[in-house]
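Below you'll find the structure, written out as structure tokens, and then a few comments.
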Amino acid sequence: MILTTIDQIPGRTIIEHYGVVTGSTVRGKHIGRDIFAGLKNIIGGELKGYTELMEETRNEAMQRMVAQAQAKGANAVIGIRFATSDVAPGAAEVFAYGTAVKFG
Amino acid sequence: MDLLIQIIVVIILGLVGLIFGTKREKEHYEEILRREKNILNLSVRADQTMPAQVKEAQIMYGSVVVANDYFKALVGNLKNFFGGRLTSYESLMDRARREATLRMKEKALAWGADEIVHYRMETTFLDKLGIEVFSFGTAIKK
């Protein structure tokens with residue numbers, strides 16, 4: 001499955017459009033990550049636990065979007081965009097969307 | 001008595017934040033400069049223009065969640081009271097942006113990219129989690 005953020009697949013011709021596909025997930029922190037992040041808030045810098053949390057959340061949202069595209073019979077998703085927001089204190093939602101297409 | 005203890009805690013946390021925070025920021029900036037030097041030959045563009053021959057394209061992204069240390073957050077809050085530039089947060093965001101972009105570039109290099117097009121960056125404030133900077137683009141193999 002080819003995934004791009006631009007509105008074409010370089011070197012290939014798009015032969016069919018399947019419309020918008022989306023994937024989203026909401027994840028919260030857990031105690032293990034929370035304790036170290038609390039300390040990091042004193043010395044500052046990167047909060048590695050939360051970086052991983054956001055990465056996993058984003059990957060899961062993308063996987064769900066890809067699964068939707070595969071179900072439609074697509075072999076690529078173009079024009080991918082993301083939207084991140086905190087829906088509750090300590091939890092974040094990542095929403096991924098794009099256009100599912102088939103290239104020949 | 002309670003107030004005195006609170007003041008002492010704030011001073012101690014502030015000192016810990018000031019000493020270790022400044023040290024970590026300096027080390028991080030040195031690391032960022034070193035990694036940026038190594039990656040100078042990877043072209044990154046914000047537009048979508050493609051070279052004539054492209055073999056492969058794939059999305060690449062990097063992200064980082066950051067927070068300020070206690071001392072900087074304290075100073076930032078005080079300055080916020082009077083308004084104006086919060087330079088402590090400016091340097092934090094600069095670090096976060098460069099780090100997120102470096103991660104995207106390093107992933108792209110590992111994939112074998114020659115160029116990155118359609119480079120974008122997004123910043124999200126996550127309540128009680130920190131500030132996330134997310135940078136993405138499409139890496140291409142020529």
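Values in this document were obtained by computation on a predicted structure and should not be read as measured data. Naming convention: chains lettered A, B, ... in sequence-line order (proteins, then strands); numbering from 1 in each chain.
B:L92 and B:F125 fall within the same hydrophobic cluster, defined by Ile, Leu, Val, Met, Phe, Trp and Tyr side-chain heavy atoms under 4.5 Å apart, directly or through other members. The hydrophobic clustering, which links ILVMFWY residues whose side-chain heavy atoms are closer than 4.5 Å, places B:I39 and B:V44 together. B:I140 and B:L42 are assigned to two separate hydrophobic clusters, defined by single-linkage of ILVMFWY side chains at heavy-atom distances under 4.5 Å. Note on B:L86: it clusters hydrophobically with B:V66, by side-chain heavy-atom contacts below 4.5 Å among ILVMFWY residues. A single hydrophobic cluster is seen to contain both B:M93 and B:M104, as judged by linkage of ILVMFWY side chains at heavy-atom distances under 4.5 Å, directly or through other members.
Around atom NZ of A:K102, no more than 12 heavy atoms belonging to other residues, nucleotides or ligands sit under 6.0 Å away. Heavy-atom contacts from other residues, nucleotides or ligands closer than 6.0 Å to CD of B:Q53 number 12 or fewer. More than 12 heavy atoms of other residues, nucleotides or ligands shown are found within 6.0 angstrom of CZ on A:F103.
Only the side chain of B:E122 comes within less than 4.5 Å of a heavy atom of chain A; its backbone N, CA, C and O stay farther away. Contacts of B:R120 with chain A are absent, with no heavy-atom separation under 4.5 Å from either backbone or side chain. Looking at B:S63, both its backbone and its side chain come within 4.5 Å of chain A, counting heavy atoms on both sides. For B:H118, the parts lying under 4.5 angstrom from a heavy atom of chain A are both the backbone and the side chain.
Atom CZ of residue A:R81 and atom CD1 of residue B:I59 lie 9.0 Å apart, to the nearest 0.5 angstrom. To the nearest 0.5 Å, atoms CD1 (A:I42) and CG (B:N68) are separated by 13.5 Å. The distance from the CE atom of B:M60 to the CG atom of A:L3 is 9.5 Å, given to the nearest 0.5 Å. The CZ atom of A:F82 sits 6.5 Å away from atom CZ of B:F136, with the distance rounded to the nearest 0.5 Å. Note that CE of B:M50 is 10.5 Å distant from CD1 of A:I9, once rounded to the nearest 0.5 Å.
B:V117 is listed as a side-chain neighbour of A:I6, based on a closest heavy-atom distance under 4.5 Å. A 4.5 Å side-chain heavy-atom check between A:M54 and B:L126 finds at least one atom pair inside the cut-off. Counting only heavy atoms from C-beta outward, the side chains of B:Y61 and A:M62 approach each other to under 4.5 Å.
Salt bridge A:R58/B:E132: present, at least one basic N to carboxylate O contact under 4.0 Å. Between B:R103 and A:E46, at least one side-chain N (NZ, or NE/NH1/NH2) sits under 4.0 Å from a carboxylate O, which counts as a salt bridge.
Interface summary for chain A: among B:L13, B:I131, B:V64, the most heavy-atom pairs under 4.5 angstrom belong to B:V64. Chosen from B:A139, B:G21, B:A67, the residue pairing most often with chain A at heavy-atom distances under 4.5 Å is B:A67.
Using modelled atom types, one finds a donor on one side chain and an acceptor on the other under 3.5 Å when comparing A:T5 with B:T138.
Side-chain atoms of B:R24 never come within 3.5 Å of backbone atoms of A:I43 as a donor-acceptor pair (strictly under, hydrogens ignored).
Contact between B:G130 and A:L47 at its shortest, heavy atoms only, is CA-CD1, 4.3 Å.
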